[in-house]
Amino acid sequence: MSGPLDHTTTPARDHVIPATMRAIVQDRYGSAEVLKLASIPTPIAGEGEVLIRVQAAGVDRGVWHLMVGEPYLIRIAGFGLRAPKTRVPGLDVAGYVAAIGKGVTGFRPGDAVFGTGKGAYAEYACAPATKLALKPPGLDFAPAAALSISGCTALQGLRAGGELRPGQKVLILGAAGGVGTYAVQLAKFFGAHVTGVCSAAKHALVRSLGADAVIDYTREDFTAGSVRYDLIFDLAGNRPLSRLRRVLTPKGTLVLAGGENGGKWLGGLERNLQMLAVAPFTGQKLRGLLATERREDFIYLAELVAAGKITPVIERTFPLAETADAIRHLESGRAQGKIVVTV
């Protein structure tokens with residue numbers, strides 16, 4: 001494992017922050033057509049925040065949910081009932097520190113950083129200093145922007161939620177997706193026997209990441225088979241809880257991190273509610289995953305990347321002006337790994 005990450009800076013420490021910037025904006029919920037490129041005031045870093053000159057920003061399902069405002073539970077949770085409270089979308093971010101707010105320590109203008117913030121689909125974005133880490137010197141901005149949310153979700157699902165141990169059999173549903181590609185690599189790094197579930201077109205990718213076996217869900221119902229798994233990490237969210245439990249060992253762990261096939265109100269969380277009802281009456285561990293972005297996890301993941309233990313998988317990049325097309329590509333389900341917007 002590599003040592004502490006060094007400050008990687010841009011020579012332009014005297015960079016002048018413009019009054020306005022290009023950004024993707026949305027003023028109502030809806031499909032990708034609601035996203036427009038506009039010129040808006042450049043944000044100012046508040047207390048505890050860092051202003052980032054954005055170089056790249058990740059695209060994931062969370063961005064899509066916030067764009068369409070579904071499930072409606074998102075709106076009730078405080079993201080805006082009739083329209084998004086945050087006008088500029090985008091969470092995963094990588095770039096140079098342009099300015100720091102009051103109380104921020106550990107960062108200085110010119111530092112190359114990555115993490116999560118708000119309004120990442122823009123030339124400048126603000127992020128809490130607690131949700132940023134220094135970018136490894138050898139890592140480009142695009143893969144750095146693809147690391148934070150998906151990497152943390154995979155790491156926390158396997159290590160904290162799944163309590164993964166060396167030698168265990170792990171089944172990863174959605175193994176070729178943004179989170180899945182990290183989950184396969186991390187599970188192998190932790191010493192597990194990994195089986196990935198994805199379509200046949202994505203088998204080569206999943207095997208190249210280290211999977212010991214790959215199942216084509218369009219041809220094989222793995223829930224009807226005889227193999228039992230110590231940990232099932234479900235990133236696909238479309239199989240009944242009872243079927244997943246059938247191929248889980250009596251003391252095994254099921255971690256649900258995906259729920260895309262539910263109604264507009266709960267959006268797949270119905271399975272989590274079922275899980276809460278069943279969990280007290282079984283020896284199996286049934287857990288829902290609500291991943292959080294943490295600096296210590298960013299640093300750990302960055303060290304793994306720097307050491308060559310894991311690699312961000314980026315299928316395609318889109319320029320800022322084509323962010324709507326990047327979202328559409330995500331919706332298509334054809335993506336293998338992460339999609340990134342470059343600025």
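Judged by the 6.0 Å and 45° rule, Arg159 forms a cation-pi pair with Tyr300.
Clustering ILVMFWY residues whenever any of their side-chain heavy atoms sit less than 4.5 angstrom apart, transitively, puts Ile24 in a cluster other than the one holding Ile40. Note: the hydrophobic cluster containing Leu51 does not contain Leu91 (ILVMFWY, side chain heavy atoms under 4.5 Å, direct or indirect links). Note on Ile310 and Val313: same hydrophobic cluster, where clusters join Ile, Leu, Val, Met, Phe, Trp and Tyr whose side-chain heavy atoms are under 4.5 Å apart, directly or indirectly. Ile314 and Val206 fall into different hydrophobic clusters, defined by Ile, Leu, Val, Met, Phe, Trp and Tyr side-chain heavy atoms under 4.5 Å apart, directly or through other members.
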**Message:** side-chain contact (heavy atoms from CB on, under 4.5 Å) for Tyr229 and Val170? Distances and angles first, verdict last.
**Reply:** CA-CA 6 Å; Tyr229 300 92; Val170 178; over 6 Å; no

query = Given the rule in the side-chain contact (heavy atoms from CB on, under 4.5 Å) test, do Lys131 and Arg294 qualify, once you have shown the distances and angles that lead to the verdict?
reply = CA-CA 6 Å; Lys131 293 192 175 183; Arg294 300 185 301 212; over 6 Å; no

Test log, rule salt bridge (Lys or Arg N to Asp or Glu O under 4.0 Å), inputs Arg243 and Asp221:
CA-CA 10 Å; Arg243 300 297 297 176; Asp221 179 9; 3.5 Å; yes

**Prompt:** Going through the distances and angles, do Leu37 and Arg22 end up as a side-chain contact (heavy atoms from CB on, under 4.5 Å)?
**Reply:** CA-CA 7 Å; Leu37 183 66; Arg22 293 184 308 140; 4.3 Å; yes

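The pair Arg165-Asp230 does not meet the salt-bridge criterion, since no charged nitrogen lies less than 4.0 angstrom from a carboxylate oxygen. Using a 4.0 Å cut-off between charged side-chain N and carboxylate O, Glu49 and Lys118 make a salt bridge. Salt-bridge check for Glu33 with Arg28: failed, with every basic side-chain N at 4.0 Å or more from each acidic carboxylate O. Using a 4.0 Å cut-off between charged nitrogen and carboxylate oxygen, Glu47 and Lys102 do not count as a salt-bridge pair. The pair Arg287-Glu163 meets the salt-bridge criterion, since a charged nitrogen lies less than 4.0 angstrom from a carboxylate oxygen.
Shown here is Ile44, whose CD1 atom has no more than 12 heavy atoms of other residues, nucleotides or ligands within 6.0 Å. Residue Lys169 qualifies as open at atom NZ: its count of foreign heavy atoms under 6.0 Å is 12 or below. Around atom OH of Tyr217, no more than 12 heavy atoms belonging to other residues, nucleotides or ligands sit under 6.0 Å away.
Looking only at distances, no side-chain donor or acceptor of Gln168 sits under 3.5 Å from a matching main-chain atom of Leu231. Using modelled atom types, no side-chain atom of Asp111 and backbone atom of Val97 make a donor-acceptor pair closer than 3.5 Å. In this structure, Thr181 contributes its side chain and Gly337 its backbone to no donor-acceptor pair below 3.5 Å. With hydrogens and angles ignored, the 3.5 Å screen pairs a side-chain donor or acceptor of Asp60 with a backbone N or O of Gly62. With hydrogens and angles disregarded, a donor-acceptor distance shorter than 3.5 Å links the side chain of Gln156 to the backbone of Thr292. A donor-acceptor pair under 3.5 Å links the side-chain atoms of Gln284 to the main chain of Leu248, judged by distance alone. Listed for the Arg53 side chain is no donor-acceptor partner under 3.5 Å among the backbone atoms of Ala98. Judged by distance alone, the side chain of Glu293 and the main-chain N or O of Gly115 form no donor-acceptor pair under 3.5 Å. In terms of modelled atom types and a separation under 3.5 Å, the side chain of Tyr29 and the main chain of Leu66 share no donor-acceptor contact. Here the side chain of Glu315 pairs a donor or acceptor atom with the backbone of Gln336 at under 3.5 angstrom.
In this structure, Val247 and Val227 have side chains that are not in contact, with every pair of non-hydrogen atoms separated by 4.5 Å or more. The shortest side-chain heavy-atom distance between Phe233 and Leu164 does not fall under the 4.5 Å cut-off. You'll find the side chain of Leu173 reaches within 4.5 Å of the side chain of Leu244, heavy atoms only.
Under the side chain to side chain contact (heavy atoms under 4.5 Å, CB included) criterion, Ser150 pairs with Val179, Tyr182, Lys338, sequence neighbours left out.
The aromatic rings of Phe318 and His329 are tilted relative to each other, their planes meeting at an angle between 30° and 60°.
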